[in-house]
Amino acid sequence: MATERTVSSNVFDEFKWRGLVYDFTEGLPETLAAEKVTVYIGFDPTANSLQVGNLLALMGLARLQRFGHTPIAVAGGGTGMIGDPGGKTAERQLLAQEEVAANVEAIKGQLARFLDFDARDNAARIVNNADWLLKVPMMAFLRDVGKHFTVSTMIAKDSVKTRLQREEGISYTEFSYQLLQAYDFQQLYDRYGCTMQAGGSDQWGNITAGVELIRRTRGARAHGLVYPLVTDVEGNKLGKTVQGTVWLDAEKTSPYRYYQFWLNQGDDQVIDLLKYFTWLTQAEIAELEGRVAEHPERREAQRTLAQELTRLTHGETALTKAEQASQVLFGGEIAGLDAADIADIFADVPSSEVAKARFEGAGVSFIDLVDELGITRSKGEARRLLANGGFYVNNVQVAESDRSLTLADTFEGRFIVLRRGKKSYHLVRLAG
RNA sequence: GGGCAGUUGAUCCGAGCGGCAAAGGAGGCGGACUGUAAAUCCGCUGGCGUAAGCCUUCGGGGGUUCGAGUCCCUCACUGCCCA
């Protein structure tokens, strides 16, 4: 866990300063200042890992916990099931339940890096809404929950309204989603005294539905807080890149890629991201803001962001390795390294095995090999790229069109590092 | 059911007198410049071939022609208008 660095005396002010407050229910600031609340966020257990898109809500929970409030992470094991009703047998449904359970388990490990599950007074907890949603009888649900909602308010919610305007419309199942989420909130209130729900701004309608349900059925006042939607310059959700989703699981997104993802954030966004996602104080961030303004080319803010988040998500060792790899992959000079370094640094780069014998004597034609390994789509493309100076062997640009690769190009007879363009690497492993 | 418009390079838009490997743009990929950025500039963007050249592409099928993306017939799908 990171060290105690928070300075604001009041969580709400802290959230406000960090730009995390998009909307909130009336009286929330006062409640947060006056008492310790139990707060929850929901997440989808459809994968065995969280992703960058979950990080904002997660850090929000972590901040609340640090201020003494009690966090609950709710896996949508039940709501997830109705999200995809198409063509599944009962048997597979059961399997899906096991999968969800496995996913929840995997995710819990990740949550532990952010939330404290062992705190004395306000330990975090993770629950699965399938625990109650799968058991609730239809009649009881309609009577006890459905009764408190009018269809006119339900169709007035943004999420529903936009769908109704489209041609495809909305299924009854999905239309019911807000009731289920409201019911979740009520259940968490009953079971854990949970009186606050946080989430992305798109959750606002669902959250207030829960607040309303608790007020009507329990006569209690519950609260909601929603964060702004974080997007990149192109308006895409943060963490959805061309190469795919950025995951928190090292197996799905290597620490190196994770580090690079944050390092590559733009100047105009990096300060906001530091506020959203790190534990850095106001003073520290202000300092970095000044540095970005004066020397943007140094990218100190980006580097700090990448370091903080890689450390938080993957730990100190992984961070060190990611930084090392970054230096080599972008610094250029790799001639001095030994095979062990190469193996380590290029661990997450695509690689292929090629028989060592082929490199003996005159060696193998560069064009042929590159085509064979699928680095280019055709030999013609390979030739064009080479002519344009787009190929590198061990980070040295290939100049001759008839270049061949021999044992002299290898690291200890074990590896050759091919590179296409600026940063697309391919490791050749010699075998046999 | 009737009428009109359309379907183009295995991403998207989009030109295309019967001689076309097929204009242009976006995107993508390289290079230069840079801060692993943005902007800008240059090159590439069907396959095989060092090359001459050969092969394969314009919704499907059939036809006319020395030769068809381009003309004719037919089928399919899409969009708009009339019932």
Side-chain angles (χ1 to χ4, degrees), chain A residues 52 166-168 230-236 238-244 246 253-274 288-310 319-334 345-350 362-405 417-426:
Chain A
V52 163
R166 289 197 191 170
E167 249 184 49
E168 313 89 68
V230 185
T231 58
D232 63 20
V233 194
E234 274 118 41
N236 302 311
L238 194 76
K240 298 284 184 189
T241 67
V242 251
Q243 288 115 39
V246 180
T253 299
S254 74
Y256 164 72
R257 286 192 199 293
Y258 190 75
Y259 178 89
Q260 286 289 327
F261 169 75
W262 295 109
L263 186 67
N264 283 319
Q265 296 299 324
D267 297 346
D268 45 0
Q269 234 192 340
V270 65
I271 297 301
D272 284 344
L273 295 176
L274 282 166
L288 282 168
E289 195 167 7
R291 287 171 190 259
V292 170
E294 255 179 77
H295 290 288
E297 75 282 3
R298 290 185 191 160
R299 292 181 307 142
E300 288 176 64
Q302 281 91 337
R303 187 155 292 116
T304 306
L305 179 70
Q307 285 169 347
E308 288 290 321
L309 281 161
T310 307
L319 168 62
T320 309
K321 284 195 175 179
E323 289 195 295
Q324 253 174 21
S326 296
Q327 266 179 14
V328 171
L329 265 48
F330 291 95
E333 196 50 46
I334 63 174
I345 289 166
F346 292 92
D348 4 284
V349 152
V364 54
S365 149
F366 181 81
I367 295 286
D368 288 348
L369 186 71
V370 145
D371 177 58
E372 179 188 324
L373 297 180
I375 294 171
T376 54
R377 246 187 273 177
S378 65
K379 283 192 186 180
E381 185 184 9
R383 277 191 210 97
R384 284 192 293 268
L385 260 169
L386 192 144
N388 286 331
F391 276 122
Y392 305 77
V393 171
N394 299 331
N395 272 4
V396 178
Q397 195 168 48
V398 176
E400 320 81 46
S401 60
D402 56 350
R403 178 75 147 88
S404 359
L405 295 171
V417 178
L418 302 180
R419 184 177 124 211
R420 174 200 162 143
K422 260 185 186 165
K423 37 188 158 182
S424 175
Y425 282 88
H426 191 104

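Keep in mind that this is a model prediction, so the values were computed, not measured. Here is the naming used below: chain letters follow the sequence lines, and residue numbers restart at 1 for every chain.
- Using the Watson-Crick or G-U wobble rule with both distances under 3.5 Å, B:G69 pairs with nothing in any strand shown.
- Nearer the 5' end of RNA chain B, as judged by each residue's closest nucleotide, is the contact made by A:Tyr256, out of A:Tyr256 and A:Asp368.
- The minimum heavy-atom distance between A:Val370 and A:Ala382, with the atom names listed, is CG1-CB, 4.0 Å.
- In this structure, the CD1 atom of A:Ile345 is 16 Å from the C1' atom of B:U36, given to the nearest Å.
- Residues A:Gly390 and A:Glu297 each lie close to RNA chain B; by heavy-atom proximity, the contact nearer the 5' end of the strand is made by A:Gly390.
- Phosphate contact (OP1/OP2 of B:G46, side-chain N/O of A:Ser378, threshold under 4.0 Å): absent.
- Contact annotation for A:Arg298: no contact, since no heavy-atom pair falls under 4.0 Å across all strands.
- Of the nucleotides present, B:G79 is the one that pairs with B:C4 by Watson-Crick or G-U wobble criteria, both distances under 3.5 Å.
- One interatomic measurement links the two molecules: CZ of A:Arg377 to C1' of B:U11, which rounds to 10 Å at whole-angstrom precision.
- For a distance-only test at 3.5 Å, the side chain of A:Gln260 qualifies as a donor-acceptor partner of the base of B:U36.
- Put simply, CD on A:Glu300 is 14 Å from P on B:U36, counting in whole angstrom units.
- When the side-chain nitrogen and oxygen atoms of A:Arg299 are compared with OP1 and OP2 of B:A37, none of them lie within a distance under 4.0 Å.
- B:U36 makes up no base pair with any nucleotide shown, lacking Watson-Crick or G-U wobble contacts both under 3.5 Å.
- A:Glu294 CD: 12 or fewer foreign heavy atoms inside a 6.0 Å radius.
- Within the 4.0 Å cut-off from OP1 or OP2 of B:G35, not a single side-chain nitrogen or oxygen of A:Arg303 is found.
- Regarding the sugar-base torsion, B:C80 falls in the anti class, its angle being beyond 90° of 0.
- Of all nucleotides listed (B:G43, B:U34, B:G49), B:U34 comes nearest to the side chain of A:Lys422.
- Remark: side-chain polar atoms of A:Gln397 are paired, donor with acceptor, to backbone N or O of A:Gly389 under 3.5 angstrom.
- Side-chain N/O atoms of A:Lys423 include none lying less than 4.0 angstrom from OP1 or OP2 on B:G30.
- Atom CG of A:Asn388 is separated from atom P of B:G30 by 11 Å (rounded to the nearest Å).
- For the C1' atom pair drawn from B:A5 and B:U50, the interatomic distance equals 49 Å after rounding to whole Å.
- Side-chain contact annotation: A:Asp348 with A:Tyr425, donor-acceptor N/O pair under 3.5 Å absent.
- Under the Watson-Crick or G-U wobble criterion, with both distances below 3.5 Å, B:A21 is left unpaired in every strand shown.
- In this structure, A:Glu300 does not pair ionically with A:Arg303, as no charged nitrogen and carboxylate oxygen lie closer than 4.0 Å.
- When atom types are taken as modelled, the side chain of A:Arg419 and the backbone of A:Gly421 share a donor-acceptor pair closer than 3.5 angstrom.
- Nucleotide B:G43 forms a pair with B:C29, judged by Watson-Crick or G-U wobble geometry with both contacts under 3.5 Å.
- Applying the Watson-Crick and G-U wobble criteria (two distances, each under 3.5 Å), B:A10 pairs with nothing in any strand.
- Contact check, A:Lys379 against B:G49: a side-chain N or O comes under 4.0 Å of OP1 or OP2.
- Taking atom P on both B:C12 and B:C20, the two are 26 Å apart, rounded to the nearest angstrom.
- For the pair A:Arg291 CZ and B:G35 C1', the computed distance is 16 Å after rounding to whole Å.
- Remark: side-chain polar atoms of A:Gln265 are not paired, donor with acceptor, to backbone N or O of A:Val270 under 3.5 angstrom.
- For the P atoms, the distance from B:A76 to B:G61 is 15 Å, rounded to whole Å.
- Going from atom CD of A:Glu381 over to atom C1' of B:G28 covers 10 Å, rounded to whole Å.
- Of the C1' atoms belonging to B:U57 and B:U7, the separation is 15 Å, rounded to the nearest Å.
- The side chain of A:Tyr392 places an N or O atom within less than 4.0 Å of a non-bridging phosphate oxygen (OP1 or OP2) of B:G31.
- Of the P atoms belonging to B:C58 and B:C71, the separation is 15 Å, rounded to the nearest Å.
- For the P atoms, the distance from B:G46 to B:G67 is 28 Å, rounded to whole Å.
- For the pair A:Arg384 and B:G47, the criterion of a side-chain N or O lying under 4.0 Å from OP1 or OP2 is met.
- In this structure, the CZ atom of A:Arg383 is 7 Å from the P atom of B:C48, given to the nearest Å.
- Counting non-hydrogen atoms under 4.0 angstrom, A:Asp402 reaches nothing in the nucleic acid.
- Look at CD on A:Gln265: it is 13 Å from P on B:A37, rounded to the nearest Å.
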